[in-house]
Amino acid sequence: MELEDIFLRVIKSGIFRNRDILKPDYIPDKLPHREREIRKLGGILAPVLKGSRPSNVFIYGLTGTGKTAVTKYVTRKLVETAKKFNVNVKVAYVNTRQSDTPYRVLMELAESVGVKVPFTGIPAAEVYRRFIRGLENLGATLIVILDEIDYLVKKHGDDILYRLSRTNEILSNSEISMIGITNDVRFSEILDPRIKSSLGEVEMVFPPYDAVQLEDILSERAKKAFYEDTLDDGVIPLCAALAAKEHGDARKALDLLRVAGELAEQEGARKVTIDHVWKARDELEKDKVSEIVRTMPFHGKLVLASIYRLQMRKTSPPTTGEIYSEYRALCERMDTASLTYRRISDIINELDTLGLIEAQIVSRGRYGRTKIVKLNVQPKIIEEVMLEDRYLEGILQ
DNA sequence: CGTCCACAGGAATGACGGGCGG
DNA sequence: CCGCCCGTCATTCCTGTGGACG
């Protein structure tokens, strides 16, 4: 198929009215099945409009349960209202998975109050001081949203949470109030009790969506995103069902629907079909994996290849020890110095957090305690992705 | 009921490159 | 330009542990 044909098809296609509505960062004006949460969070933050500091809030919920969307939605409305009543409210949104060091978090906070800070070179304490100074100059109430906060704490401890939670004692002209968001249900267990009580003045839990609710969400957005009669009957239910299997992840459901639409468009189809949804599922997985693999350090790729090889060869899922010897053998073949066992153990954990594998600690009694590892993506996709890298092609054989 | 396997994963430390402030 | 501090990756050394086996 010629490239120009694809362009023409997309131009002529009557499928998408506005595809941005299905993108993950789009915040709709209606969030179905989250009305209760919106009202509750709104109620918690409302006191800021009368000049008092809102309680800190802690929000739990699995990925794609609307935590971020609800928080952004409510704080956006809050800022709008504050403007009308001439109240000085600022919102700082930090995703601590992207900004995954205390330094970078402080940097983003500083930037949210208009202070520029270099990427590195100065002590974190100095960034903190500049942030405080910047905030005092504004004389505002700053609502700090720390999204995916468990990433930061697991990697770097809860020091900055402690510091941030006590910042109000230093401030005279301003205030901060915090919203912590996490998808780790057991996160509070690893927190220092002092931080837990100050950060979790109010706690909210976002339940997963079920398939029916996901259908509502999709239908709501599809009305605006697609032209009428462009979706086959089964499309939305299938997207919803697939996402419901992944613990009711609405983001996943929207991705599926959007990519299915894009595939239909590129084919020049008049309608989005169930088939497009299945293809979309494969494509999303492949994109995820190849993105991760591309940015992974070399030895991470070798470890992943080792796991793949073992899984193909053996019937029982491999353990850390087996993976390590396989990895050593691969290193030898590639004429590369191997890393230590300890490091590989960490890399396996990293692959786990990235979602490429699923690692589970098991005790086999007399025969020791280890971690058994399973690939969490289709082997076919690992193959495709490894072939893209010319240093790695052939490594799977 | 104690032992002991096969690891998990914490702590300390070091090498290294980037980007300051002086 | 230098010295300093940073984050990142890696090594070394280490203590901790669930449960089948004897």
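Quick note on labels: first sequence line is chain A, next is B, and so on, each numbered from 1.
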Trainee: Tell me which nucleotide among C:dA20, B:dA8, B:dC7 gets nearest to the side chain of A:Tyr367.
Mentor: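 Minimum distance to the A:Tyr367 side chain belongs to C:dA20.
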Trainee: Strictly below 4.0 Å: does A:Tyr341 bring a side-chain N or O up to OP1 or OP2 of B:dA8?
Mentor: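 It does, given that an N or O in the side chain of A:Tyr341 lies less than 4.0 Å from OP1 or OP2 of B:dA8.
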Trainee: Of A:Ile179, A:Thr75, A:Leu146, A:Thr68, which meets side-chain contact (heavy atoms from CB on, under 4.5 Å) against A:Tyr93?
Mentor: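 By the side-chain contact (heavy atoms from CB on, under 4.5 Å) criterion, A:Tyr93 pairs with just one of A:Ile179, A:Thr75, A:Leu146, A:Thr68: A:Thr68.
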Trainee: Taking OP1 and OP2 of B:dG9, is either one under 4.0 Å from a side-chain nitrogen or oxygen of A:Lys371?
Mentor: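 Yes, such a contact exists.
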Trainee: Does some side-chain heavy atom of A:Val48 sit less than 4.5 Å from a side-chain heavy atom of A:Arg53?
Mentor: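 No, too far: nothing below the 4.5 Å cut-off.
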Trainee: Could you please name the option among C:dG16, C:dT11, C:dA20 that lies closest to any side-chain atom of A:Arg366?
Mentor: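 From the listed options, C:dA20 comes nearest.
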Trainee: When the distance from CD of A:Gln360 to P of B:dC7 is rounded to whole Å, what number comes out?
Mentor: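 Those two atoms, CD and P, are 16 Å apart.
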Trainee: Nearest to the A:Arg369 side chain among C:dT11, B:dG10, C:dT17, which nucleotide is it?
Mentor: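 Selected nucleotide (nearest to the side chain): C:dT17.
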Trainee: Around A:Lys30, counting heavy atoms of other residues, nucleotides and ligands shown, do more than 12 lie under 6.0 Å from its NZ?
Mentor: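 Counting other residues, nucleotides and ligands, NZ of A:Lys30 stays at 12 neighbours or fewer.
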Trainee: Answer with base, sugar-phosphate or nothing: what part of the nucleic acid does A:Asn349 contact at a heavy-atom distance below 4.0 Å?
Mentor: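 Since only primed, P, OP1 and OP2 atoms lie under 4.0 Å of A:Asn349, the category is sugar-phosphate.
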Trainee: In this structure, how many angstroms lie between the C1' atom of C:dT12 and the CG atom of A:Asp346, rounded?
Mentor: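 Atom CG in A:Asp346 sits about 13 Å away from atom C1' in C:dT12.
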Trainee: For A:Tyr324 and C:dT11, give me the distance from atom OH to atom C1', rounded to whole Å.
Mentor: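 Atom OH in A:Tyr324 sits about 11 Å away from atom C1' in C:dT11.
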Trainee: Decide if the gap between the ring center of A:Phe226 and the ring center of A:Phe16 is smaller than 6.0 angstrom.
Mentor: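 Ring centroids of A:Phe226 and A:Phe16 are less than 6.0 Å from each other.
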Trainee: How close or far is atom P of B:dA8 from atom CD of A:Glu322, stated in whole angstroms?
Mentor: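 Atom-to-atom, A:Glu322 to B:dA8, this comes out as 12 Å.
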Trainee: Does B:dC7 have its OP1 or OP2 closer than 4.0 Å to a side-chain nitrogen or oxygen of A:Ser345?
Mentor: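 No, outside the criterion.
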Trainee: NZ of A:Lys271: more than 12 outside heavy atoms within 6.0 angstrom?
Mentor: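 Correct, the count exceeds 12.
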Trainee: Which of these nucleotides, C:dA10, C:dG19, B:dG9, is closest to any side-chain atom of A:Leu339?
Mentor: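 Output: C:dA10.
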Trainee: Given C:dT11, is OP1 or OP2 found less than 4.0 Å from the side-chain N or O atoms of A:Thr340?
Mentor: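 Looking at the OP1 and OP2 atoms of C:dT11, one of them is under 4.0 Å from a side-chain N or O of A:Thr340.
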Trainee: How many whole angstroms separate atom CZ of A:Arg343 from atom P of B:dG14?
Mentor: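 To the nearest whole Å, that distance equals 19 Å.
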Trainee: Can you measure A:Met107 atom CE to C:dC6 atom P for me and round it to whole angstrom units?
Mentor: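 About 15 Å, once rounded to whole Å.
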Trainee: Distance check needed: C:dA10 P versus A:His299 NE2, whole Å only.
Mentor: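 In whole Å, C:dA10 P lies 6 Å from A:His299 NE2.
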Trainee: From the options B:dC7, C:dG19, C:dT12, select the nucleotide whose nearest atom is closest to the side chain of A:Arg342.
Mentor: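 For the A:Arg342 side chain, the nearest candidate turns out to be C:dT12.
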Trainee: Using the rule that two of Ile, Leu, Val, Met, Phe, Trp, Tyr join whenever any of their side-chain heavy atoms come within less than 4.5 Å, decide whether A:Val105 and A:Met178 are in one cluster.
Mentor: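 Hydrophobic grouping puts A:Val105 with A:Met178.
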Trainee: What is the distance, to the nearest angstrom, from the CE atom on A:Met296 to the P atom on C:dC9?
Mentor: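 Roughly 13 Å, once rounded to whole Å.
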Trainee: Between C:dA10, B:dG9, C:dT8, which nucleotide gets closest to the side-chain atoms of A:Ile361?
Mentor: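 Within the option list, the nearest is B:dG9.
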Trainee: Check the phosphate of B:dA6 against A:Thr319, side-chain N and O only, distance under 4.0 Å to OP1 or OP2. Yes or no?
Mentor: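 For B:dA6, OP1/OP2 do not have a side-chain N/O of A:Thr319 under 4.0 Å.
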Trainee: Using the side-chain heavy atoms of A:Arg130, tell me which of these nucleotides is nearest: C:dA20, B:dG21, C:dA10.
Mentor: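 Per side-chain heavy atoms of A:Arg130, the pick is B:dG21.
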